[in-house]
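Just so it is clear: chains get the letters A, B, ... in the order the sequence lines come, proteins before strands, and each one is counted from 1.
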Amino acid sequence: MSLFAACKPLSRNDMAERLARDIPEGWYVNLGIGAPLKVADYVPMEREVIFQSENGVLGMGPVPDPEKIDRWLINAGKQYVTLRPGGSYMHHADSFALIRGGHLDLCVLGAFQVAENGDIANWSMSDNDSAPAVGGAMDLAAGARQLWVIMDHQTKSGESRLVRRCSYPLTAIGAVTRVYTNLAVLDVTPDGFVVRDVVPGLTLEALQQVTDAPLRMAAKNS
Amino acid sequence: MSLFAACKPLSRNDMAERLARDIPEGWYVNLGIGAPLKVADYVPMEREVIFQSENGVLGMGPVPDPEKIDRWLINAGKQYVTLRPGGSYMHHADSFALIRGGHLDLCVLGAFQVAENGDIANWSMSDNDSAPAVGGAMDLAAGARQLWVIMDHQTKSGESRLVRRCSYPLTAIGAVTRVYTNLAVLDVTPDGFVVRDVVPGLTLEALQQVTDAPLRMAAKNS
Amino acid sequence: MINKIVQTMADAVAGIRDGAVVLLGGFGNIGQPHALLDGLIEQGAKDLTVVSNNAGVGRTGLARLLDLGRVRKIVCSYPRTADPVVFEELYRAGRIELEIVPQGTMAERIRAAGAGIPAFYTATAVGTKLAAGKEEREINGRKYLLEESLPGDVALVEAWEADRWGNLTYRSSGQNFNPIMATAAQLTIVQAQHVVDLGALDPEKVMTPGIYVNRVVHVPYGDPMVP
Amino acid sequence: MINKIVQTMADAVAGIRDGAVVLLGGFGNIGQPHALLDGLIEQGAKDLTVVSNNAGVGRTGLARLLDLGRVRKIVCSYPRTADPVVFEELYRAGRIELEIVPQGTMAERIRAAGAGIPAFYTATAVGTKLAAGKEEREINGRKYLLEESLPGDVALVEAWEADRWGNLTYRSSGQNFNPIMATAAQLTIVQAQHVVDLGALDPEKVMTPGIYVNRVVHVPYGDPMVP
């Protein structure tokens, strides 16, 4: 695709690193299963960001050394994790009270689609999905103060994931506040998607061509 | 009053002792402020009855020796208490979840009036009460599996406290299951008050004369 | 003397009836009462509704209970686990009913059942297909769904320590659904790794007070399996 | 580095605005943040709504705040304490508004505010005069009242231990309303008897995780006064 001839789309790790840069010290953050989990690798320990897992773990640390695994301590993706000094445990009702109650500064989720009104679709590919699995995605999307989505800008077959209206079943309405793709960073505003940042060499026009929803450029220094 | 010439009404302590006899081992019990608190004195420690206080104490033991007071440990009446081995603490939402959720086998409250339909009035003497204080009475009355009331049969001026309908503001509707007075023990049934037990020397007729609501005698061996 | 410790698995799971709603603790493999599940399989109750975050892995535990055709309906948030082969087979064959509930709504519905709250409002799932059939209400300018409590006939719980009054502690992320499920059932049955003397548990560390527990059976199996 | 410990009482109570809803922890004399109350008196905010189980005792603390005319309204379950002289005077003179809430409903309304539940149903107070103006609804054959959440602008909390992340423990019956109030306010201010190093608190004994706490001030006053 000639659009990308002049630019280099970000890798999954690059996207996680790019997003991680925007998380300030002191934020309480839930990272969704999959790609979002990588974000933690790019937040240095000395910048104190407190990661929550919805299965009742607040203050998760890095993945443990294989010989130091605590088999009672997993994250929402059922991976072994560690607890930082200052971390704590809680049961599921308290964990989701924290999520639903608007106490997380940020949740990062993957998605199939994000609409210009902030709707997100990330849990089910069709209304006829056999045994769809929602997990905590709806609670997180509705509850966190900020919802950032990290996803490829297009599907493998080249369809835009940033849309006017989601065609997949919704996870939450009007919830997304920012999107990090392999091509750009975009805020979701009352006026739709506003581009904060594009990869070097990509023009707004070129980005618009691969984006279903209309884009606007952010005012300088905003 | 000649009615009582042939009988001896129970004292406050006698009433508490009488009620305490009916609490089986293993019950979880909340005792209201005031007269109900005396009941605990008549449950021997070896009969394990677990007393709860709505300020988050489960498994209260006896009043402490003055030199052994823990000034962080009070009951709902703001008196110093102790915690038995096996006791535990919880916060107010968990404490009232326990109460509201129907987990207490029994609550014992004092009352101004109990009606034959189980209504209880125990928190306010009039609709124009200056600054009425309800505390946890409504939660306890609505939440406990059994609600037993301990009170004098009549007011000081001789009015019956067992009534057809309460004239004082209600604490809960249809909640009382049994009443222990200084003259009798009465069940509240779908057919109204049924007398289980009277003080020696008192006839049902004499009891009825000092009782506003109609009384029935319990079937033998019921 | 109160003593909720029972000596055999048969005593622990006695009386679970056909048609019962069974709340099953655990998140993934952690804090799931595998021994009680095996006891329930042995015990024989059928036509069950199981409330569990996941729908079983592999061919043992919950998956085996499903495989035996003993479960009429499953209420869960995440049936799609690493190896949900049994559930998927049954579901595709139309031989099991599925109620998908957002995880936090499921937790709150269970907590509500234990707390005497018959229903509450939540913003979770507003505008999604999981809102179908639910009352929507605007409160202070935001839309919410009415969700009803989710009580059980039986709760199967895994704890770390227990005493004869039924006081429980849990180990790190082994809490998950266990403490709230313990509050929400008519009959709460616990498997505990350690049975300790009354008074040995720190009163400020008891996470489930014994009032919520009916039976405890000692199952010292050690650490959870590596999945 | 996250550090929620502040060095002065002025820093602790800075920014509490006129008209604020203040959630005040404590049950009777236990777990009530007396130093923060004195700080609030000094700080000067007025026209306050105070949510507290009791309405003040004697002439100090909450009673003094009332006496200074700084409280417009009090939300409580039990204004009639051993010595509620200030409140009773103001109330009889019509100089303070009173909202009486059953204690358990008050606790659940505060918990709901922290948990993102805007409203819930409860059987407490059905058929009583405290049901006036509330929606009644029958659910599965029983009557319930709709109760709304009770959030605060500020929560004043007393804890036993605290670390720089704001993790808290409480001492025995000193918990009471403190942990739930900590979750329900925009600004949660804590006075703690002990400030400990990060990592010194047992992760399974933390009762309020720091996510709910904005500021901690060290007030090592010892045991509560004998009332």
Would you find more than 12 non-hydrogen atoms of other residues, nucleotides or ligands less than 6.0 Å from [X] atom [atom1]?
X: R12(A); atom1: CZ; result: no
X: R70(C); atom1: CZ; result: yes
X: R137(C); atom1: CZ; result: yes
X: E135(C); atom1: CD; result: yes
X: K205(C); atom1: NZ; result: yes

Requested in this report: Would you confirm whether D139(A), through its side chain, and T105(C), through its main-chain N or O, come within 3.5 Å as a donor-acceptor pair?
Outcome: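 Side chain of D139(A) to backbone of T105(C), a donor-acceptor pair under 3.5 Å: yes, one is there.
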Query raised in the report: Quick check: does any side chain N or O of N55(A) sit under 3.5 Å from a backbone N or O of S173(C), one acting as donor and the other as acceptor?
Result: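 Checked: no pair found.
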Region of [X] in contact with chain C, defined by heavy-atom distances below 4.5 Å:
X: A93(A); value: both
X: T171(A); value: backbone
X: R100(A); value: side chain
X: I99(A); value: neither
X: D70(A); value: side chain

At what distance, to the nearest 0.5 angstrom, does [atom1] of [X] lie from [atom2] of [Y]?
X: T128(C); Y: I120(A); atom1: OG1; atom2: CD1; result: 12.5 Å
X: H91(A); Y: M181(C); atom1: NE2; atom2: CE; result: 12.5 Å
X: F96(A); Y: T124(C); atom1: CZ; atom2: OG1; result: 8.5 Å
X: K78(A); Y: N54(C); atom1: NZ; atom2: CG; result: 4.0 Å

Query raised in the report: Quick check, are the ring centers of F27(C) and H92(A) under 6.0 angstrom apart?
Result: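 Distance test on ring centres: under 6.0 Å, yes.
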Closest non-hydrogen atom pair between [X] and [Y], with its separation:
X: A123(C); Y: A142(A); answer: O-CB, 4.1 Å
X: I30(C); Y: W72(A); answer: CG2-O, 3.7 Å
X: Q103(C); Y: G136(A); answer: NE2-N, 3.4 Å
X: S172(C); Y: Y89(A); answer: CB-CZ, 3.2 Å

Query raised in the report: Among V57(A), V81(A), L170(A), N75(A), who wins on heavy-atom pairs under 4.5 Å with chain C?
Result: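 Of the candidates given, the most pairs with chain C belong to L170(A).
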If you tally heavy-atom pairs under 4.5 Å against chain A, which of [options] wins?
options: P179(C), A125(C), P224(C); value: P224(C)
options: K143(C), M207(C), Q175(C); value: Q175(C)
options: V101(C), N176(C), N178(C), T122(C); value: N176(C)
options: A107(C), G28(C), G104(C); value: G104(C)

Query raised in the report: Given a strict heavy-atom distance threshold of 4.5 Å, which part of R111(C) is in contact with chain A: side chain, backbone, both, or neither?
Result: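 Only the side chain of R111(C) comes within 4.5 Å of chain A.
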